[in-house]
Amino acid sequence: MPKTRTANGPRRFPSSRTALTRRSLLGGAAALAATIGPSRVARAAAPVPFGAAIQSNFFDSDPAYAQVFLDRCDLVLPMNELKFPMLRPTRESFEFGPADRLVDWARSNGKTSRGHTFVWHDGNPAWLERIRDPIEAEMVLREHIQRTAGHFRGRLESWDVVNEVIAHEPRESGGPLRDTWWLRTLGPRHIPIAFAEAARADPGARLVVNDYDLEFRGARYDARRRVMLDLVRQLQDGGLRVDAVGIQGHLYSHFEIDPEAMARFGRDLKTLGVGLLATEIDVIDFQVPGGPEEIDRAAEKVVGDFLDGLFAGQRPEAVITWGLTDRYSWVGDVMPRTDGQPVRPLPLDADLVPKRWYELLRRRLAQA
Ligand code: 9MR
């Protein structure tokens with residue numbers, strides 16, 4: 001695997017060290033039962049909404065960038081502005097301004113929006129990770145979600161309540177959950193706490209568990225899909241509302257998608273009454289030889305297979321790309337091509353021209 005993902009450090013907590021059984025993930029979930037409230041109902045027969053994540057720095061510096069989201073998207077969400085480090089540079093501060101601006105701009109232009117994310121391992125501010133006392137950590141988490149979800153209440157369709165909580169390689173002895181500051185400090189109960197608090201703070205928002213590597217063929221991906229299903233069931237067993245699973249969809253175009261496994265996964269979620277959406281699609285092409293033509297052909301194949309698997313399980317609630325144009329993407333920063341060519345991760349090229357896979361995706365959403 002490329003070096004993108006934060007390596008899992010040593011796992012120290014017995015609660016995360018057990019096998020992949022339904023009961024093993026979230027010991028105390030039942031004690032945290034929240035009322036299962038109403039949630040925004042999935043849309044009717046209209047096309048599946050297409051969305052993309054936007055970045056406020058380029059929104060300000062590049063007017064053509066902002067405009068293309070208005071031209072192409074049904075949903076626009078802040079990529080980084082709702083994450084802990086941007087929102088809470090200090091414990092006292094809640095910097096809602098940057099996300100407010102993007103969300104209100106999207107909504108005033110007839111778009112919907114969504115929230116990403118309350119709980120993540122990446123980039124937590126130092127003041128947060130200095131906390132060692134579980135009671136204090138729980139207070140901070142509850143307050144963070146109450147204030148943030150409360151502030152945006154009614155303006156966001158859904159929230160990624162927790163992001164990337166599944167272990168990168170769950171078959172290792174360390175256990176099914178990722179070793180994070182949240183897990184080390186609060187234990188697995190940080191997940192049900194987050195869902196309970198989110199349900200209280202914005203009863204109308206759909207609550208999502210979001211994760212990556214849920215679409216490829218192979219034992220590690222089977223294990224990750226299994227852990228996700230276990231996690232959802234355990235939250236439900238605890239009386240908590242989980243509305244959907246977000247498959248991020250960072251698609252390595254030299255990997256093989258497993259459409260049958262994706263279909264089974266989507267059906268299993270449906271049986272549990274849980275929806276599905278693709279939340280962060282982009283194509284990682286650093287292992288694909290050739291020029292733009294070959295790179296885009298490989299992208300079209302991996303996106304097509306991904307959409308086949310996604311739609312085969314159940315109708316997705318939305319399909320979202322992580323950015324919109326090759327002008328700006330994390331992929332080139334973290335996984336550049338070794339041949340010196342720019343990466344081509346997104347549905348529009350750097351000149352804002354749609355690629356074939358954008359057309360393929362739009363056709364697919366329209367036919368759903
Ligand atoms: O694309 C995002 C990049 O601009 C940020 O610097 C980075 C750290 O906040 O996060 C990137 O987005 C990640 C997303 O939040 C979760 N899934 C993986 C995405 C790519 O790393």
Side-chain angles (χ1 to χ4, degrees), residues 1-8 51-62 65-66 69 73 75-89 95 98-99 102-103 113-126 128-129 144 148 156 158-168 178 180-182 191 194 208-216 221 224 228 244-253 255 277-286 306 318-336 342-348:
M1 284 296 293
K3 54 189 185 295
T4 46
R5 300 295 172 193
T6 313
N8 292 328
I54 194 166
Q55 291 175 267
S56 49
N57 44 335
F58 307 125
F59 177 84
D60 287 326
S61 64
D62 180 349
Y65 171 76
F69 284 79
C73 297
L75 176 157
V76 181
L77 80 145
M79 182 182 287
N80 296 314
E81 290 71 10
L82 288 165
K83 292 172 181 169
F84 234 105
M86 276 195 77
L87 209 54
R88 306 285 302 280
E95 305 286 346
L102 295 175
V103 168
S113 192
R114 65 186 308 269
H116 174 85
T117 174
F118 301 126
V119 169
W120 194 26
H121 61 274
D122 196 347
N124 281 334
L128 180 66
E129 297 215 347
H144 182 76
T148 308
L156 302 176
S158 59
W159 267 103
D160 292 333
V161 178
V162 297
N163 186 43
E164 303 178 2
V165 293
I166 296 175
H168 183 68
R178 179 185 288 271
T180 68
W181 174 83
W182 288 110
I191 301 173
V208 178
V209 196
N210 196 45
D211 222 307
Y212 65 92
D213 281 356
L214 295 167
E215 59 281 90
F216 300 113
Y221 309 101
R224 290 179 59 82
M228 179 60 94
V245 164
I247 300 188
Q248 290 184 355
H250 295 293
L251 304 176
Y252 296 88
S253 43
F255 278 14
L277 67 164
T279 50
E280 305 185 14
I281 296 176
D282 50 25
V283 178
I284 299 170
D285 59 29
F286 73 131
F306 176 83
V319 171
I320 298 166
T321 55
W322 206 236
L324 200 48
T325 154
D326 292 344
R327 270 186 205 183
Y328 314 111
S329 166
W330 70 286
V331 174
D333 299 335
V334 178
M335 283 172 288
V343 295
R344 301 178 61 83
L346 288 161
L348 310 185

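All figures in this text were calculated on a predicted structure; none of them were measured in a lab. Keep in mind that the numbers below use all heavy atoms, side chains included, and drop hydrogens, waters and symmetry copies. Just follow the structure's listing: the first ligand is 1, and inside any ligand the first atom is 1.
For Asp62 and Tyr328, the side-chain atoms include at least one donor-acceptor pair closer than 3.5 Å.
Considering backbone and side-chain atoms together, Asn80 places an N or O closer than 3.5 Å to an N or O of ligand 1. Between Lys83 and ligand 1, at least one pair of N/O atoms sits closer than 3.5 Å. For ligand 1, the polar-atom distance check against Glu164 finds a nitrogen or oxygen pair separated by under 3.5 Å.
Note: Trp322 and His116 have perpendicular aromatic rings, judged against thresholds of 30 and 60 degrees for the angle between ring planes. The aromatic rings of His144 and Phe118 sit perpendicular to each other, their planes meeting at more than 60°, with 30° as the lower class boundary.
Using a 4.0 Å heavy-atom cutoff, Tyr212 is absent from the residues neighbouring ligand 1.
With a 4.0 Å cut-off on non-hydrogen atoms, Asn163 touches ligand 1 through its side chain and not its backbone. Of the heavy atoms in Trp322, only side-chain atoms (C-beta onward) come closer than 4.0 Å to ligand 1.
The one candidate from Leu77, Leu82, Val103 that meets the side-chain contact (heavy atoms from CB on, under 4.5 Å) condition with Arg114 is Leu77.
Counting the atoms of ligand 1 from 1 in the order shown, those under 4.0 Å from a heavy atom of Gln55 are 4 (O). Of all atoms in ligand 1, numbered sequentially from 1 with element shown, those under 4.0 Å from a heavy atom of His250 are 17 (N), 18 (C), 19 (C).
Separating the NE2 atom in His250 from the CD atom in Glu280 is a distance of 3.5 Å, to the nearest 0.5 Å.
At a threshold of 4.5 Å between non-hydrogen side-chain atoms, the residues Met228 and Leu214 count as touching.
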